[in-house]
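Every heavy atom of this structure was used, including side-chain atoms; hydrogens, water molecules and symmetry mates were not. Predicted model only: the values in this text are computed from it and were never measured.
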Amino acid sequence: MYGFSVKLHGSFKEIVDCVTDDLKKEGFGILTTIDVQKTLKDKLGIEQRPYLILGACNPQLAHQALNQDPNIGLLLPCNVVVREENENNIIVSFMDPLIISNLANNSEITKIAQDVRQRLERVRKCLFGSKPSS
């Protein structure tokens, strides 16, 4: 597996807001938001449940990683997916930064990736503990 997830019950918007707030508490901002549902509807006419890809970045840790390997930018930011499985059942999935560190094959990048993973795991646990409801 290339990530880890949590399943929540609640409204899609509330959970996106919780994810964003909890990421912020761990030093992450959202650089990009890709609305897959809207893109597929606009480009292909395909109806799909809500599905967002959030490009999360902790600037301080990204700076450290870029200093270690300028090409690491190809593997940034950390993607977080928020998707509706069915009504009011939302899956939040986090990319595993340790997989990225394996690609870099650099011990300093691995240390940074471990820090990022711990932060993302805390966000996952916080979301699980908060269990937003509709």
Visitor: Between D69 and A104, what is the shortest heavy-atom contact and its length?
Guide: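 Looks like OD2-CB, 4.4 Å.
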Visitor: Quick one, L23 with L120, criterion side-chain contact (heavy atoms from CB on, under 4.5 Å). Give me CA distance, side-chain angles, the key distance, then yes/no.
Guide: CA-CA 8 Å; L23 284 166; L120 294 175; 3.7 Å; yes
Visitor: According to a hydrophobic-cluster definition based on side-chain heavy atoms being under 4.5 Å apart (Ile, Leu, Val, Met, Phe, Trp, Tyr only), do F128 and I15 belong together?
Guide: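 F128 clusters together with I15.
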Visitor: Short question: side chain of S101, backbone of L98 - any donor-acceptor pair under 3.5 Å?
Guide: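 Between the backbone of L98 and the side chain of S101 there is a qualifying donor-acceptor contact (under 3.5 Å).
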Visitor: Any non-hydrogen side-chain atom of E26 less than 4.5 Å from a side-chain atom of R122?
Guide: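 Heavy-atom side-chain distance check passes, below 4.5 Å.
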Visitor: Take atom CD in E85; do more than 12 heavy atoms of anything else shown fall under 6.0 Å from it?
Guide: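 Counting neighbours around CD of E85, more than 12 heavy atoms of other residues, nucleotides or ligands fall under 6.0 Å, so yes.
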Visitor: With a cut-off of 6.0 Å (strictly less than), are more than 12 heavy atoms of other residues, nucleotides or ligands near CZ of F4?
Guide: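 Yes, because the 6.0 Å sphere around CZ of F4 holds more than 12 heavy atoms from other groups.
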Visitor: Going hydrophobic residue to hydrophobic residue with side-chain gaps under 4.5 angstrom, can you get from V123 over to F12?
Guide: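 In one cluster with V123: F12, yes.
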Visitor: With hydrophobic residues grouped by side-chain heavy-atom distances under 4.5 Å, do V81 and I46 end up in a single group?
Guide: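 Yes, same cluster.
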Visitor: Between Y2 and D96, is there a side-chain heavy-atom distance shorter than 4.5 Å?
Guide: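 Contact flag for D96/Y2 side chains = no.
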Visitor: Same hydrophobic cluster for I34 and V19, using side-chain heavy-atom links shorter than 4.5 Å among ILVMFWY?
Guide: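 In one cluster: no.
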Visitor: As an exercise, state the distance from CZ of R83 to OG of S93, rounded to the nearest 0.5 Å.
Guide: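 Reported value, rounded in 0.5 Å steps: 5.5 Å.
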Visitor: Looking at CZ of R124 and CZ of R117, how far apart are the two atoms once the value is rounded to the nearest 0.5 Å?
Guide: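 CZ of R117 is found 8.5 Å from CZ of R124.
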Visitor: Between the side chains of K13 and D17, is the shortest nitrogen-to-carboxylate-oxygen separation below 4.0 Å, so that they form an ion pair?
Guide: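 Between K13 and D17 there is a salt bridge, with a charged N closer than 4.0 Å to a carboxylate O.
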Visitor: Measure the spacing between CD1 of I91 and CZ of R49 and express it to the nearest 0.5 Å.
Guide: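 CZ of R49 is found 11.5 Å from CD1 of I91.
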Visitor: May I have the step-by-step check of side-chain contact (heavy atoms from CB on, under 4.5 Å) for I72 and N106, ending in yes or no?
Guide: CA-CA 11 Å; I72 200 73; N106 175 319; over 6 Å; no
Visitor: Carefully, step by step, assess V116 and F28 under the rule side-chain contact (heavy atoms from CB on, under 4.5 Å).
Guide: CA-CA 10 Å; V116 172; F28 293 88; 4.0 Å; yes
Visitor: Same cluster or not: L54 versus L61, using hydrophobic residues (I, L, V, M, F, W, Y) connected whenever any side-chain heavy atoms lie under 4.5 Å apart?
Guide: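 Yes, one cluster joins them.
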Visitor: Might you confirm whether atom CD of Q60 has over 12 heavy atoms from other residues, nucleotides or ligands at distances under 6.0 Å?
Guide: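 No - once you tally the heavy atoms of other residues, nucleotides and ligands closer than 6.0 Å, there are 12 at most.
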Visitor: About how many Å separate CZ of R119 and CG of D22, when rounded to the nearest 0.5 Å?
Guide: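 Reported value, rounded in 0.5 Å steps: 14.0 Å.
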Visitor: With a cut-off of 6.0 Å (strictly less than), are more than 12 heavy atoms of other residues, nucleotides or ligands near CG of N86?
Guide: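 Yes.
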Visitor: What is the distance from atom CD1 of I90 to atom OG of S11, rounded to the nearest 0.5 Å?
Guide: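 It comes to 7.5 Å.
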Visitor: Give the minimum heavy-atom separation between L31 and C57, together with the two atoms involved.
Guide: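 Shortest heavy-atom separation between L31 and C57 comes out as CD1-CB, 3.4 Å.
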Visitor: In sequence, state the C-alpha distance, the side-chain angles, and the governing distance for K111 and D115, and then conclude on salt bridge (Lys or Arg N to Asp or Glu O under 4.0 Å).
Guide: CA-CA 6 Å; K111 288 178 190 172; D115 185 0; over 6 Å; no
Visitor: Test V6 against L8 for side-chain contact (heavy atoms from CB on, under 4.5 Å), laying out the working first.
Guide: CA-CA 6 Å; V6 61; L8 303 167; 4.0 Å; yes
Visitor: In Å and rounded to the nearest 0.5 Å, what is the CG to OG distance from L127 to S5?
Guide: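 Here the interatomic distance stands at 11.5 Å.
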Visitor: Given V16, which partner from the list L52, I30, D21 fulfils the side-chain contact (heavy atoms from CB on, under 4.5 Å) test?
Guide: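 One option only clears the test, and that one is L52.
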Visitor: With side chains defined as the heavy atoms from C-beta onward, is the minimum distance between N89 and K7 less than 4.5 Å?
Guide: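 They are in side-chain contact.
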